Amino acid sequence: MLHTFTFGDLRIPANLAGEPTATSTGFVVPAGPVALLHPFGDTGFYRHGWNSWSPSGWTTTDGETIGIKNSPDRLLTADDAVNETPHLHSGSGVGAIAGPDGTVLLIGTLGLGNPRVGADRNTIWARSETDEAEWFVTFGPEQQAFADYAAILSERLGRRSQRAGRVWSSWYSYYEGIDEELVARTVADLTGYPFDVFQLDDGWEPIVGDWTAGPDFPSGMQATAGRIAEAGFRPGLWLAPMIALPDSTIARERPDLLVQDDAGRPLATGYNWNSHYYSLDTTQREVQDHLREVFERVTGWGFSYLKLDFMYAGAVTGRRHQDVHRETAYRDAISFIRETVGDDVYLLGCGVPMIPSIGVFDGARVGPDVGPFWDNAERVGDPSGVGAWNSIVDSVNRVWLKDVYEVDPDAVYFRSARNLLDPVERRLLQDVAAILEFKSTSDPVVWLHESERAELRQYLTETSTVEQTGRFTFRLDGREVDLTAVVAGESRSDTSYIG
Ligand code: 9PG
């Protein structure tokens, strides 16, 4: 049906599936395709990526599209590959175009079904794979419009209240090279540092898919969790429960439990660890039994903070036993995991589809991995590649998600050893994490100089007050932090940054 939205003097003709309903902050539009004619001509477009690692940010309707280009394997892992439109502007879940004087016209989904929003110089449109979720449409000052969208999203999908606190993670120092003695030493060195969580990352398990203690943890995972708890930290553990490498027990013995291709063979649903991997078909009863067993096991060991990684793989296109939409299969699976672990376990999502994770996860990663370098020389032009700059850009463009769950921009560094980031770049990462209000690091104490240890303690202890004053400008403890030039890639910041 034809409809005209009125926002003050602005009139926006629209083609909708049904009559919209006014709310105090905008309009709720019935499920189905949406097309709005806007009068702004070529203008800014906010593109939002599907999962934690997916590129998000502002471009212009006559500029380059934002996304992962020329790399099907990476696209499959780090965005919604089947809906990607490299030659026209579109993104997942929500999109906005810039109007005059800092206003935006925003369309966002209120549910599941792989919703997509795109724009050009005349139109902003929305559609999804299933036409099951309503849309929210609003016009107003940019930060207000995103805040209003986040508020209605939480109303619909929920909002958890647990906070992670300050996290130490093993990934950005030891990577997969962890063993029980190294962990014990690292924990002992950290005793007395104001961390809340000590989180073991990838490397403890024998292979991705088999969630048992690997050969480097001969005393078992309960022993390691116990050591962490004795040192005064909450034990945290990484796992990727939706996926299995081809050599894992489950993939070898029960290929029938995996998401399949049209020929009935296990479907490759992403790439990492120099291999493709498969997804568990979570619509099967036996897979749910397996998940219950895995989560009862790891919480039984004493881990109460879980970083669940590569979760998007539970929401990829493929053949499942039950004929439910892929994002519904995903949300059912994470809801099942939440029921199994209870409300007291902190669930940090990583590689999660952002919108379908709201209300179930306590926190979510909102950008690609950081690395001890500014830009990724091997993957120039891939905004989902590892590196400090890519991580900052994506995270800062997703700060509005703070209102739906905790947002994790990934670890920050204090170490100058084994690090190509200079003091200005390290400080930038620290400020972004303070702005997002999620502080984590992977620096072992023994890698830090005396002054760096003091900086780490100071950073963890100070309670920051954060205020957003513009798209990329913030007031952090009374200090102005302007990330505009950094996000634009024009400058790593001026040197006044380090004071
Ligand atoms: C452990 C790591 C760390 C890290 C996670 C995740 O797009 N990708 O192909 C892609 C691969 C790996 C990856 C991120 C993105 O790293 O983000 O913090 O836990 O797994 O293996």
Side-chain angles (χ1 to χ4, degrees), residues 49-56 67-81 84 164 167-178 197-211 214 236-245 248 268-279 303 305-313 315-316 347-354 357 361 363-372 376 378-379 381-388 390-395 398 407-413 429 433 438 440-443:
W50 186 50
N51 76 40
S52 300
W53 306 313
S54 314
S56 302
I68 300 166
K69 310 279 169 74
N70 307 318
S71 179
D73 291 356
R74 298 234 4 101
L75 186 61
L76 182 60
T77 310
D79 213 332
D80 186 8
E84 190 65 9
V167 179
W168 195 94
S169 149
S170 58
W171 186 250
Y172 300 93
S173 47
Y174 299 136
Y175 295 96
E176 285 173 47
I178 49 175
V197 176
F198 181 99
Q199 180 245 314
L200 276 187
D201 213 283
D202 190 6
W204 62 272
E205 76 285 359
I207 183 170
V208 168
D210 293 358
W211 306 109
L237 192 67
W238 174 95
L239 56 165
M242 296 291 173
I243 62 171
L245 281 167
S248 64
T269 56
Y271 297 83
N272 203 40
W273 305 281
N274 296 312
S275 170
H276 63 275
Y277 50 77
Y278 303 122
S279 291
F303 293 97
Y305 174 102
L306 302 176
K307 174 178 173 182
L308 305 186
D309 207 351
F310 294 86
M311 294 301 285
Y312 81 92
V316 290
L347 296 179
L348 176 70
C350 188
V352 281
M354 307 316 300
S357 299
F361 280 94
R365 257 281 284 290
V366 288
D369 291 16
V370 294
N376 190 325
E378 287 160 27
R379 291 214 212 123
D382 176 358
S384 70
V386 177
N390 282 346
S391 158
I392 288 172
V393 171
D394 211 4
S395 301
R398 280 169 155 176
V407 286
D408 169 17
D410 214 4
V412 306
Y413 297 91
L429 280 174
F438 195 107
S440 74
T441 185
S442 288
D443 293 340

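The model shown is predicted, which means the values in this text are computed figures rather than measured ones. Indexing begins at 1, ligand by ligand and atom by atom, following the structure's order. FYI, side chains are in, hydrogens and waters are out, and symmetry mates aren't considered; it's all heavy atoms of this structure.
- In this structure, CD1 in I68 is found 3.5 Å from OG in S384, a value given to the nearest 0.5 Å.
- Judged purely by distance below 3.5 Å, without hydrogens or angles, the side chains of Y172 and D201 never pair a donor atom with an acceptor atom.
- The only member of W273, Y175, W171 that meets side chain to side chain donor-acceptor pair (under 3.5 Å) when paired with D202 is W273.
- Looking at residues two or more places apart in sequence or on another chain, you find no salt bridge (charged side-chain N to carboxylate O under 4.0 Å, His left out) involving D210.
- In summary, of the residues considered (D410, D309, D394), a salt bridge (Lys or Arg N to Asp or Glu O under 4.0 Å) with R365 occurs for D410 alone.
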Worksheet entry | Verdict with reasoning, L308 to L239, per side-chain contact (heavy atoms from CB on, under 4.5 Å) | CA-CA 5 Å; L308 305 186; L239 56 165; 3.9 Å; yes

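- Every protein residue with a heavy atom nearer than 4.0 Å to ligand 1 is included here: W53, R74, T77, A78, W171, Y172, D201, D202, W238, Y271, N272, W273, K307, D309, F310, C350, R365, D369.
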